[in-house]
Amino acid sequence: QVQLVESGGGLVQAGGSPRLSCAASGRTFWSRAMGWFRQAPQKEREFVAGINWTGDSISYVDSVKGRFTISRDTAKNTVYLQMKTLKPEDTAVYYCAAGPPYVWSSGESLYEYWGQGTQVTVSS
């Protein structure tokens with residue numbers, strides 16, 4: 001069982017650089033790929049960024065490449081999403097998700113555990 005708690009969202013001006021954090025409980029964090037997804041109003045949830053269990057494989061959706069950085073700290077059981085140059089279209093609820101052990105995928109259906117989400121609102 002893995003519990004995920006996101007933090008770091010809020011109201012941000014366009015161009016801002018907030019960092020989202022996702023704290024994971026449980027002793028299997030080190031073996032799981034972690035992902036960040038987001039869901040904007042009236043849109044489907046989409047994959048934003050993912051990182052495998054060793055941290056040496058990372059993937060981003062094209063719209064955030066060069067602006068967002070995902071990282072993980074296994075000692076702290078935490079995964080981060082550093083966001084830069086935010087745009088109004090980045091406004092969404094951001095979710096952290098944990099995949100099954102030793103499975104690396106950007107596919108939403110393969111992620112087993114989800115956080116409650118944190119709202120990020122970008123004002124222009």
Side-chain angles (χ1 to χ4, degrees):
Q1 189 79 7
V2 177
Q3 292 184 326
L4 304 172
V5 179
E6 303 99 334
S7 61
L11 179 62
V12 184
Q13 287 191 333
S17 302
R19 186 178 76 165
L20 303 183
S21 299
C22 173
S25 66
R27 292 181 288 181
T28 61
F29 173 80
W30 63 271
S31 67
R32 297 177 182 271
M34 299 296 295
W36 284 98
F37 293 76
R38 67 185 179 186
Q39 187 167 20
Q42 301 180 338
K43 292 189 176 180
E44 293 187 353
R45 188 157 58 186
E46 68 168 347
F47 172 83
V48 175
I51 185 168
N52 75 338
W53 49 95
T54 61
D56 60 2
S57 288
I58 290 175
S59 180
Y60 297 99
V61 67
D62 286 346
S63 60
V64 307
K65 285 181 180 177
R67 299 190 299 123
F68 290 11
T69 302
I70 188 172
S71 61
R72 66 189 298 159
D73 186 332
T74 300
K76 295 182 178 179
N77 271 22
T78 301
V79 63
Y80 304 98
L81 185 67
Q82 177 67 59
M83 303 187 288
K84 295 182 178 179
T85 320
L86 279 180
K87 306 174 183 180
E89 52 263 43
D90 293 317
T91 294
V93 177
Y94 284 72
Y95 297 90
C96 172
Y102 307 115
V103 174
W104 171 224
S105 173
S106 61
E108 179 177 340
S109 62
L110 293 182
Y111 283 79
E112 291 186 317
Y113 300 100
W114 293 81
Q116 81 288 351
T118 185
Q119 176 71 48
V120 175
T121 302
V122 184
S123 63
S124 57

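Only a predicted model underlies this, so the values are computations on that prediction, with no experimental measurement involved. Scope of the values below: all heavy atoms of this structure, side chains included, with no hydrogens, waters or symmetry mates.
Cluster membership check: Leu4 does not share its hydrophobic cluster with Val93, using side-chain heavy-atom separations under 4.5 Å among Ile, Leu, Val, Met, Phe, Trp and Tyr. One hydrophobic cluster holds both Val48 and Tyr113 under the rule that ILVMFWY side chains link at heavy-atom gaps under 4.5 Å. Hydrophobic clustering places Tyr94 together with Ile58 (ILVMFWY residues linked when any side-chain heavy atoms are closer than 4.5 Å, directly or through intermediates). Using a 4.5 Å cut-off between side-chain heavy atoms of Ile, Leu, Val, Met, Phe, Trp and Tyr, with links allowed through other members, Trp30 and Trp53 fall into the same hydrophobic cluster.
Counting only residues at least two apart or on different chains, no salt bridge (Lys or Arg N to Asp or Glu O under 4.0 Å) pair has a member in residues 47-57. Counting only residues at least two apart or in different chains, disulfide bond (SG atoms under 2.5 Å apart) contacts with residues 46-87 are absent. Applying the disulfide bond (SG atoms under 2.5 Å apart) test to residues at least two apart or on different chains, none of the pairs has a partner in residues 53-87. Sorted by first and then second residue, the pairs that involve residues 95-108 and meet side chain to side chain donor-acceptor pair (under 3.5 Å), not counting sequence neighbours, are Arg45-Glu108. Residue pairs that meet the disulfide bond (SG atoms under 2.5 Å apart) test with at least one member in residues 55-88, sequence neighbours left out, do not exist here.
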Which pairs of donor and acceptor atoms, one on a side chain in residues 64-72, lie under 3.5 Å apart (sequence neighbours left out)?
from  : atom 1 : to    : atom 2 : distance (Å)
Lys65 : NZ     : Asp62 : OD1    : 3.0
Arg67 : NH1    : Thr85 : O      : 2.9
Arg67 : NH1    : Asp90 : OD2    : 2.8
Arg67 : NH2    : Ser63 : O      : 3.0
Arg67 : NH2    : Asp90 : OD1    : 3.0
Arg67 : NH2    : Asp90 : OD2    : 3.4
Arg72 : NH1    : Arg32 : O      : 2.7
Arg72 : NH1    : Asn52 : O      : 2.9
Arg72 : NH2    : Phe29 : O      : 2.7
Arg72 : NH2    : Arg32 : O      : 3.1

Taking distance alone, no hydrogens or angles, what donor-acceptor pairs closer than 3.5 Å link side-chain atoms of residues 16-24 to residues at least two apart or in another chain?
none

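Considering only residues two or more places apart in sequence or on other chains, Gln119 meets the side chain to side chain donor-acceptor pair (under 3.5 Å) condition with Thr121. Listed by chain and residue number, nothing satisfies the side chain to side chain donor-acceptor pair (under 3.5 Å) test with Gln3 (two or more places apart in sequence, or in another chain). In this structure, the ring pair (Phe, Tyr, Trp, His ring centres under 6.0 Å) partners of Phe37, at least two apart in sequence or on a different chain, are Phe47, Tyr111, Trp114. With sequence neighbours excluded, no residue satisfies ring pair (Phe, Tyr, Trp, His ring centres under 6.0 Å) with Tyr80. Here Glu89 pairs with nothing under the salt bridge (Lys or Arg N to Asp or Glu O under 4.0 Å) rule; sequence neighbours left out.
Here the closest heavy-atom approach between residue Ala92 and residue Arg38 is recorded as CB-CB, 3.8 Å. Of all non-hydrogen atoms in Cys96 and Val79, the two that sit nearest each other are SG-CG1, 3.8 Å. Residues Glu112 and Pro100 approach most closely at OE1-CA, 3.4 Å, considering heavy atoms.
Separation of atoms OG (Ser124) and CG (Leu86) is listed at 12.5 Å; rounding is to 0.5 Å. Atom CZ of Arg27 and atom CG of Asn77 lie 11.5 Å apart (nearest 0.5 Å).
With Glu6 contributing its side chain and Gly117 its backbone, the two residues share a donor-acceptor pair below 3.5 Å.
In this structure, Val12 and Met83 have side chains that are not in contact, with every pair of non-hydrogen atoms separated by 4.5 Å or more.
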